[in-house]
Every structure is written in C-alpha cells, then in structure tokens.
Asks: 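Dumping the structure here so I can ask a few things about it.
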Amino acid sequence: MDDTLQWFTKKMEESGIPLSTVQLDQFELYYRLLVEWNEKMNLTGITERDAVYEKHFYDSVSLSFYTNMDSVRKLADIGSGAGFPSIPLKICFPHLQVMIVDSLNKRIQFLTHLTEQLGLDNVICLHGRAEDIAQQQVHRDSYDLVTARAVARLNVLNEFCLPFVKKGGIFAAMKGSQSDEEVREATFSLKELKGKIKSQHQLVLPNEQSERHIVLIQKLDVTPRKYPRKAGTPIKQPLV
C-alpha cells in the first residue's frame, strides 16, 4: 500500500470508518476514472492523487463525522458534479440508497459509468434542474439526508435542497468558508422552507489546512406547494 492509501486508510480508521480492500480498490478506481474523464470534460480542477484523496474523498466523507450515517437510508445529492460527497459516502456506507441530481448531462453520463464500474447498487443519477425534480412526488419531502457541496449562498441552497428533505430529516450544506452574515441572510429562506439550523461544524483538512464548514439544517415540516420556484428563479431572486 502506497503513502496516499496508507494516509487515507489511517484517517478513516481514526474517524471510525475501517475500509476493506474492496472499498480501497473502489476509491482507487474512482480516482483513475475521474482523471481519465477529466481529460474529455471539466469535472475537477484537482487531479493530483494526494489532493483528490484529501480535498475530494476525505472532505466528502467528513460529513459522516457529524451525522449518524447508520440512521440514514435515503440520501439525495444536489448538484453533485463529479459525485461529491455522495459517491465517497456510498463507498464507505454501502447501505445508502443514493439519488444524484445534476443539470449537466455529461456529468450524469460520467456518474452513471462510474457507479457501474465501481459496482455500486441503489444509485440513481438524474439529469435535470433541482427545482424541477423537487416538484416530482417521488422525490419531494422524502430523503433522510440531502447534501450540497456547493459555492451558492445558503439562502439559495435552502430552496434547492430543503424540498427534497423529509420532515425530521437533515440538509447538510458543505461549504469552504462560511460567514455569519450568510447564515443571517438565510433566516427568511429557512422560515419559508420549514427548516432550522441544527448545528454548525468547522474542520480543517489535515494536510492542506484549508477550512471547511458544514451547516446541518433540520426540516420541521413538509415543503409549502409554492417552493421551489421555477428553474432559475432561486439564483436570480434569492429568498431574503
């Protein structure tokens, strides 16, 4: 086992996530496919192996440090891009039923190929806008945990993601930096979308030392019919 895998295995063990040889092989194949497809399409600006393992894989799995993944059955990942955080979480916690939404069909093609190659079952990859898919009865108010690892501000992410969360479930906004102002700005959207901030967590990536912030939002009631608004509106006219 090389240095990168040794580091990753050790960090996962320290966090209570022992990885089997099969799971380590899945992460390694994920890395190879990510780099291979990245030459044809823009999936990530990070391709160096050590950096992918830390900034994508470790960072994605860090959500499980603050949520009990054993109690999560259905997970939705909104705007997943190259599969973060849902695919690393699925590799570590195979019991998860995962639904991924992305608006770019090329990324969905990559994710479909990836899940087949990794041998992951119970993963659905949907091409579409979050605002449209959240209006479908099968997805609305139905997920235990919804994730977004995104650069959009919290008041926008709330409208994208909270409609997918079941009553009593959690939306996890995974961000780089996080300002108190951004959290205050999200007050109205939380009220409208029946959510409340449960907890906030800050961590620093072990090697690179860059900051990460996770906001856990609990869904208090079902989504009002008028939300989410039509595709494009939440970004153009955020709830404030």
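One is the number of the first residue; the rest follow in order along the sequence. Any value given below was found using the heavy atoms of this structure, including those in side chains, with hydrogens, waters and symmetry copies removed.
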Asks: Tell me whether Glu54 contacts the main-chain N or O of Asn207 through its side chain, where contact means a donor paired with an acceptor under 3.5 Å.
Replies: yes

Asks: Do any N or O atoms from the side chain of Arg153 and from the backbone of Pro238 form a donor-acceptor pair under 3.5 angstrom?
Replies: no

Asks: List the atom of Leu24, the atom of Met1, and the distance in Å for their closest heavy-atom pair.
Replies: CD1-CE, 3.8 Å

Asks: Under 3.5 Å, side chain of Ser80 to main-chain N/O of Asp77, donor-acceptor pair present?
Replies: no

Asks: Should Phe188 and Leu157 be regarded as members of a common hydrophobic cluster, given that ILVMFWY residues are connected when their side-chain heavy atoms come within less than 4.5 Å of each other, either directly or indirectly?
Replies: yes

Asks: Do the non-hydrogen side-chain atoms of Asp50 and Trp7 ever get within less than 4.5 Å of each other?
Replies: no

Asks: If you define the side chain from C-beta out and look only at heavy atoms, does anything of Val165 sit under 4.5 Å from Leu162?
Replies: yes

Asks: Are any side-chain N or O atoms of Asp141 and backbone N or O atoms of Thr223, one a donor and one an acceptor, separated by less than 3.5 Å?
Replies: yes

Asks: For the residue pair Tyr53 and Phe57, categorise the inter-ring angle as parallel (less than 30°), tilted (30 to 60°) or perpendicular (more than 60°).
Replies: perpendicular

Asks: Hydrophobic clustering (ILVMFWY, side-chain heavy atoms < 4.5 Å, transitive) - are Val98 and Tyr143 grouped together?
Replies: no

Asks: With a 4.5 Å limit on heavy-atom distance, are the side chains of Val222 and Lys194 in contact?
Replies: no

Asks: Would you say CG of Asp180 has more than 12 non-hydrogen atoms from neighbouring residues, nucleotides or ligands within 6.0 angstrom?
Replies: no

Asks: Which distance, rounded to the nearest 0.5 Å, do you find between the NZ of Lys196 and the CD1 of Ile217?
Replies: 12.0 Å

Asks: Please find the pair of heavy atoms, one from Pro88 and one from Pro85, that lie closest to each other, and give the distance.
Replies: CD-O, 3.4 Å

Asks: Is there a side-chain contact between Thr67 and Val72, using heavy atoms and a 4.5 Å cut-off?
Replies: no

Asks: Answer yes or no: does atom CG of Asp3 have more than 12 heavy-atom neighbours from other residues, nucleotides or ligands under 6.0 Å?
Replies: no

Asks: Membership question, hydrophobic clusters at under 4.5 Å side-chain separation (ILVMFWY): are Leu5 and Leu34 in the same one?
Replies: yes

Asks: Taking all non-hydrogen atoms of both residues into account, name the closest pair between Arg129 and Ala231 and its distance.
Replies: NH2-C, 3.9 Å

Asks: Taking all atoms of both residues into account, what is the closest heavy-atom pair of Glu131 and Phe160, and its distance?
Replies: OE2-CE2, 3.3 Å

Asks: Would a distance-only check, ignoring hydrogens and angles, find a side-chain to backbone donor-acceptor pair under 3.5 Å from His139 to Ala130?
Replies: no

Asks: Any non-hydrogen side-chain atom of Phe93 less than 4.5 Å from a side-chain atom of Leu75?
Replies: no

Asks: Please report the closest heavy-atom contact between Val61 and Leu89, naming both atoms and the distance.
Replies: CA-CD2, 4.0 Å

Asks: Shared ILVMFWY cluster between Leu193 and Leu216, side chains joined below 4.5 angstrom?
Replies: no

Asks: Drop me the distance from Leu33's CG to Asn38's CG, to the nearest 0.5 angstrom.
Replies: 12.0 Å

Asks: Evaluate the ring planes of Phe84 and Tyr30, with Trp represented by its six-membered ring, and classify them as parallel (under 30°), tilted (30 to 60°) or perpendicular (over 60°).
Replies: parallel

Asks: What is the distance from atom CG of Leu220 to atom NZ of Lys198, rounded to the nearest 0.5 Å?
Replies: 12.0 Å

Asks: Where the side chain of Glu159 meets the backbone of Arg229, is there a donor-acceptor pair that is under 3.5 Å apart?
Replies: yes

Asks: Dump the intermediate steps for side-chain contact (heavy atoms from CB on, under 4.5 Å) on Arg149 and Leu63, then the final yes or no.
Replies: CA-CA 10 Å; Arg149 188 170 172 259; Leu63 176 57; over 6 Å; no

Asks: Has Arg140 got a side-chain atom pairing as donor or acceptor with Phe164's backbone, closer than 3.5 angstrom?
Replies: no

Asks: Less than 4.5 Å apart, side chain to side chain, heavy atoms only: is that true for Leu43 and Glu36?
Replies: no

Asks: How many angstroms lie between CG in Asp132 and NZ in Lys230, if you round to the nearest 0.5 Å?
Replies: 11.0 Å

Asks: Passes side-chain contact (heavy atoms from CB on, under 4.5 Å), Glu28 versus Asp25? Steps please.
Replies: CA-CA 5 Å; Glu28 192 56 21; Asp25 287 346; 5.5 Å; no

Asks: Side-chain heavy atoms under 4.5 angstrom apart, residues restricted to Ile, Leu, Val, Met, Phe, Trp, Tyr: same cluster for Leu190 and Met174?
Replies: no

Asks: Look up atom CD1 in Ile197 and atom CD in Gln218, then write down how far apart they are to the nearest 0.5 Å.
Replies: 12.0 Å

Asks: To check you understand the geometry: which heavy-atom pair defines the closest contact between Cys92 and Leu19, and what is its length?
Replies: SG-CD2, 3.8 Å

Asks: May I ask you to check whether Phe65 and Tyr58 place their ring centers less than 6.0 Å from one another?
Replies: yes

Asks: May I have the list of side-chain donor-acceptor pairs in residues 110-127 shorter than 3.5 Å, sequence neighbours left out?
Replies:
{"unit_1": "Thr112", "atom_1": "OG1", "unit_2": "Ile108", "atom_2": "O", "d": "2.8"}
{"unit_1": "Thr115", "atom_1": "OG1", "unit_2": "Leu111", "atom_2": "O", "d": "3.1"}
{"unit_1": "Thr115", "atom_1": "OG1", "unit_2": "Thr112", "atom_2": "O", "d": "3.0"}
{"unit_1": "Asp121", "atom_1": "OD1", "unit_2": "Lys90", "atom_2": "NZ", "d": "3.4"}
{"unit_1": "His127", "atom_1": "NE2", "unit_2": "Ser103", "atom_2": "O", "d": "3.1"}

Asks: I'd like to know if the side chain of Ser15 and the backbone of Ile17 have a donor-acceptor N/O pair within less than 3.5 Å.
Replies: no

Asks: Is the closest side-chain heavy-atom distance between Ser71 and Asp144 below 4.5 Å?
Replies: no

Asks: Hey, are the side chains of Lys166 and Lys74 touching, using non-hydrogen atoms and a 4.5 Å cut-off?
Replies: no

Asks: Are Phe171 and Lys219 close enough, and set up right, to give a side-chain contact (heavy atoms from CB on, under 4.5 Å), and what steps lead you there?
Replies: CA-CA 8 Å; Phe171 162 45; Lys219 179 89 166 273; over 6 Å; no

Asks: Side chain to side chain contact (heavy atoms under 4.5 Å, CB included) with Ile78: which of Val146, Ile100, Thr147?
Replies: Val146

Asks: When you check the gap from the basic side-chain N to the acidic O, do Glu14 and Lys11 get nearer than 4.0 Å?
Replies: yes

Asks: Can any side-chain N or O of Gln23 pair as donor or acceptor with the backbone N or O of Ile91 at less than 3.5 Å?
Replies: yes

Asks: Under the side-chain contact (heavy atoms from CB on, under 4.5 Å) rule, what do Ile214 and Leu203 come out as? Steps first, then yes or no, please.
Replies: CA-CA 8 Å; Ile214 297 174; Leu203 71 148; 4.2 Å; yes

Asks: I'd like to know if the side chain of Glu182 and the backbone of Leu154 have a donor-acceptor N/O pair within less than 3.5 Å.
Replies: yes

Asks: Return the NZ to CD distance between Lys55 and Glu48, rounded to the nearest 0.5 Å.
Replies: 8.5 Å

